[in-house]
Amino acid sequence: MADDKRLTPRSESFSAWYNDVVQRAELADYSPVRGCMVIRPWGYAIWELMQQGLDGLFKETGHENAYFPLLIPMSFIEREKEHVEGFKPELAVVSHAGGRELDEPYVVRPTSETIIYSMYAKWVQSYRDLPLLLNQWCNVMRWELRTRLFLRTSEFLWQEGHTAHATREEAEEEARRMLGVYRQFQEDWIAMPPVSGLKSESEKFAGAVRSYSVEALMQDNRALQAGTSHFLGQNFSRQFGLTFQSEEGREEHAWNTSWGVSTRMVGGMVMTHGDDNGIVVPPRIAPAQVVIVPIWRTDAQRVLVLEEADRFRDQLVAAGVRVRIDARDHLNPGAKFYEWERKGAPFRAEIGPRDVAKGQVVLARRVPFSSSERKRFLSREEALATLPALLDAFHEDLLEGARARREANSHRGISDLGELKEILDAGGGLVYTGWSGDPDVEERVKQATRATIRVIPDDEFASSSRPSRCIGGGAAKMEVAWARAY
RNA sequence: CGGGGCGUGGCGCAGCCCGGUAGCGCGCCUGCUUUGGGAGCAGGAGGUCGCCGGUUCGAAUCCGGCCGCCCCGACCA
C-alpha cells in the first residue's frame with residue numbers, strides 16, 4: 001500500500017511526523033529500556049560528524065578532552081544546594097554493587113560539575129595552573145517522565161566543558177565565548193540559526209550564577225534549547241575547595257564555567273530541515289554527501305556502470321566529498337531514490353548506461369535546485385569540479401531558508417498579554433516583549449500562555465526599538481523572547 | 001501523576017460487538033523475468049493473539065487484575 005510508504009505529513013501532526021521520520025530515516029529506535037533510545041548507524045554517523053566539528057572548535061579555543069567517571073558519590077551531588085535541588089527528582093542511583101549494598105550510593109551522572117571540580121581542586125594550586133580548560137564527551141542520565149527520541153531521553157550523549165579561571169571577568173568571557181561557539185557551529189554545520197541570549201533566573205541551570213542558551217525555532221514554531229553555557233561563579237569552587245594562590249600570594253577561589261550540547265541537536269536538525277519526504281541532512285554533517293545510484297539492465301551494463309560509479313566515487317573522495325554507492329541488486333532505482341530522500345542524503349548521482357556513454361552524471365539535490373530544475377545533467381568533469389561548491393551552496397540555502405522562517409515567525413514589539421497569547425495560539429513562534437524582570441510576572445504569563453521566556457536576547461537579536469512596557473504592565477527593564485518550547 | 005488511545009508474524013492493520021482454534025497489505029526467503037521515480041509472476045517461511053487468572057465443552061473474542069507503549073497536559077539538555 002502507498003500508505004505504508006508515506007510518512008505522516010507535517011500538516012496532519014507534526015509530532016507524529018517527527019516520530020515517524022526519526023524511525024523511518026533509521027536515525028534511532030526505541031529500546032527495551034524505558035526512556036532510552038538506540039541510535040542507529042545513520043543517526044550515529046551524523047552525531048559523530050557533529051562531534052568532529054565541535055571538537056575542532058573546542059580545540060581551536062584552547063580546550064582539551066578528558067574523561068571522568070560515570071558514577072558520582074551521592075555526597076558530591078548534595079554539596080551544592082541549588083544543584084541538588086535542581087537534579088534530585090531525576091537522579092538514577094546505584095545502591096548495590098558486588099553483591100552487597102554500598103555504604104554510600106552513587107548517582108549515575110546527570111552532569112559532572114561536582115566530580116570534575118573536586119578533581120580540579122586537587123590539580124590547581126597556583127594561578128599558574130589556570131585557566132584549566134577541559135571538555136568531556138560522554139553519556140549522562142536524567143530520569144525523565146516523558147521522553148522523545150533525541151529531544152528528551154533518560155540517557156543521552158553530550159559534551160560538557162568545564163573550566164576554571166583566576167578571575168571573574170575571564171570566566172564570564174569564557175561562558176560567552178562558548179555560547180558563541182555553539183551558535184557558530186549550529187549555523188555553519190547544521191544550518192540551524194539559533195537566537196542566543198541570557199536565561200531568566202527561573203530558567204537557569206541549577207547551581208549557576210548565570211545561564212546562557214541558544215534557542216532554535218522548529219518548523220512547528222516551538223523553540224528548542226539547543227545548547228547552554230553557564231557562568232558558575234564560585235559556587236562549586238567554594239563547595240569543593242577549588243582554590244589557588246594568586247600572584248599576590250592570596251588564596252582565592254577559582255571561577256568556573258560549564259557548557260554543553262547534546263544529541264538533542266540531531267532532533268533539532270530533523271525539525272529544522274525535514275519535509276514530508278523525510279529528513280534533510282545538511283551537507284557538513286551528512287555521512288554520505290553524495291549517494292551514487294547505479295542503473296543497469298543487463299549484466300554487461302551492470303559491470304560497466306559499476307566500474308564508472310567506482311571511478312567517480314574515487315574521484316569525489318579525492319576531492320574531499322563523502323560518497324556512497326548504493327549497488328544493491330534487489331531494489332530498483334526508484335526505491336533507492338525514495339530511501340535516500342527519506343534519509344536525507346544531500347545529493348544523489350544517477351549513473352546509467354546512457355550516462356556512461358555520454359560521460360555524464362545526473363545530479364539531484366535533496367531539496368531541488370529549483371521548481372523547474374529537479375535534476376541537473378553534468379559531465380563527469382563538471383560534476384567533480386562543482387560538487388564541493390554545490391554542497392556549500394546547499395548549506396547556505398538551508399541556512400537562509402531556516403533563518404527566513406525564524407524571522408517570519410518572530411513577532412516584535414508586543415506589549416499586551418492578550419496579544420501575546422493570541423499570537424501563540426495562532427501558531428506564532430518567538431514573541432518579543434518587554435519585561436520588568438519580576439519573576440511573578442514571568443510565572444503569571446507562563447501560566448496564561450504555556451510559553452516560557454526562552455532568552456533575554458543578545459544585542460544582535462534584540463529589537464531595534466527597545467520595548468518600554470512590561471508584558472505584565474508597568475515599565476520594562478529589558479526585552480525577552482517568549483515561546484512554547486520542547 | 002491526570003486525561004485519551006493502543007497492545008494480534010519484522011512493520012502497519014482487520015477479526016472482538018454476536019466465542020468454534022487466525023487473516024490482509026508491506027517486508028522477508030527461493031527461482032525466473034525485471035531495473036532512468038517505491039517491479040512482476042510462482043513457490044515458501046514466520047504468530048504461546050502483552051501477561052496472569054476467571055467464565056465456558058471451547059476464549060484473540062466475554063469478565064477481573066496486572067504490565068507495557070504512544071499521544072495530550074504538570075517538571076526538564
In Watson-Crick or G-U wobble terms, both distances under 3.5 Å, what is the partner of [N]?
| N | result |
| --- | --- |
| A42(B) | U30(B) |
| C49(B) | none |
| U35(B) | none |
| G25(B) | C11(B) |
| A60(B) | none |
| G68(B) | C6(B) |

Please work out if [X] contacts a base, only the sugar-phosphate, or nothing of the nucleic acid, heavy-atom cut-off 4.0 Å.
| X | result |
| --- | --- |
| Arg348(A) | base |
| Val140(A) | nothing |
| Thr263(A) | nothing |
| Gly260(A) | nothing |
| Trp296(A) | base |
| Thr298(A) | nothing |
| Lys88(A) | nothing |
| Leu151(A) | base |
| Phe205(A) | nothing |

Considering only the [atom1] atoms, how many Å lie between [N] and [M], rounded to the nearest integer?
| N | M | atom1 | value |
| --- | --- | --- | --- |
| G43(B) | G53(B) | C1' | 43 Å |
| U8(B) | A60(B) | P | 15 Å |
| U33(B) | G23(B) | P | 33 Å |
| C71(B) | G12(B) | P | 14 Å |

Which of the following nucleotides, [options], is nearest to the side chain of [X]?
| X | options | result |
| --- | --- | --- |
| Glu144(A) | A77(B), C71(B), G36(B) | A77(B) |
| Leu145(A) | C71(B), A74(B), A77(B) | A74(B) |
| His330(A) | U35(B), C28(B), C72(B) | C28(B) |
| Ile295(A) | G36(B), C72(B), A77(B) | G36(B) |
| Arg450(A) | G73(B), G36(B), A77(B) | G73(B) |
| Arg342(A) | G36(B), U34(B), G38(B) | G38(B) |
| Arg354(A) | C70(B), G38(B), G36(B) | G36(B) |
| Pro353(A) | A77(B), U35(B), G36(B) | G36(B) |

Next on the checklist: Under 6.0 Å between ring centres: does that hold for Tyr120(A) and Tyr117(A)?
Outcome noted: yes
Checklist entry - Would you say the ring centroid of Trp259(A) lies under 6.0 angstrom from that of Phe58(A)? => result yes
Checklist entry - Are any of the side-chain nitrogens in Asp276(A) or Arg10(A) under 4.0 Å away from the carboxylate oxygens of its partner? => result yes
Next on the checklist: For a side-chain hydrogen bond (donor to acceptor under 3.5 Å, both in side chains) check, start with the C-alpha distance between Ser258(A) and His162(A), then their side-chain angles and the critical distance, and finish with the verdict.
Outcome noted: CA-CA 5 Å; Ser258(A) 68; His162(A) 294 273; 4.6 Å; no
Does [X] make a side-chain N or O approach to OP1 or OP2 of [N] shorter than 4.0 Å?
| X | N | result |
| --- | --- | --- |
| Arg146(A) | C1(B) | no |
| Asn19(A) | C70(B) | no |
| Ser13(A) | C71(B) | no |

Next on the checklist: Should Tyr338(A) be counted as stacked on G38(B), where stacking needs a ring-centre gap under 5.5 Å and an angle between planes under 30 degrees?
Outcome noted: yes
Item to check | Stacking check Phe156(A) vs A77(B) (5.5 Å / 30 deg) | outcome: yes
Checklist entry - Going by the angle between their ring planes, with limits at 30° and 60°, are Phe240(A) and Phe236(A) parallel, tilted or perpendicular? => result parallel
Item to check | Whole angstrom value for the distance that separates P of A77(B) from CG of Asn139(A) | outcome: 18 Å
Checklist entry - Hey, does the side chain of Asp458(A) reach the backbone of Glu460(A) with a donor-acceptor pair shorter than 3.5 angstrom? => result no
Next on the checklist: Whether the side chain of Arg297(A) and the base of G36(B) hold a donor-acceptor pair under 3.5 Å is what I'd like checked.
Outcome noted: no
Item to check | Check: Glu341(A) side chain, G37(B) base, donor-acceptor under 3.5 Å | outcome: yes
Checklist entry - With a cut-off of 6.0 Å (strictly less than), are more than 12 heavy atoms of other residues, nucleotides or ligands near CD of Glu443(A)? => result yes
Checklist entry - If you count the non-hydrogen atoms of other residues, nucleotides and ligands that lie under 6.0 Å from OH in Tyr432(A), is the total more than 12? => result yes
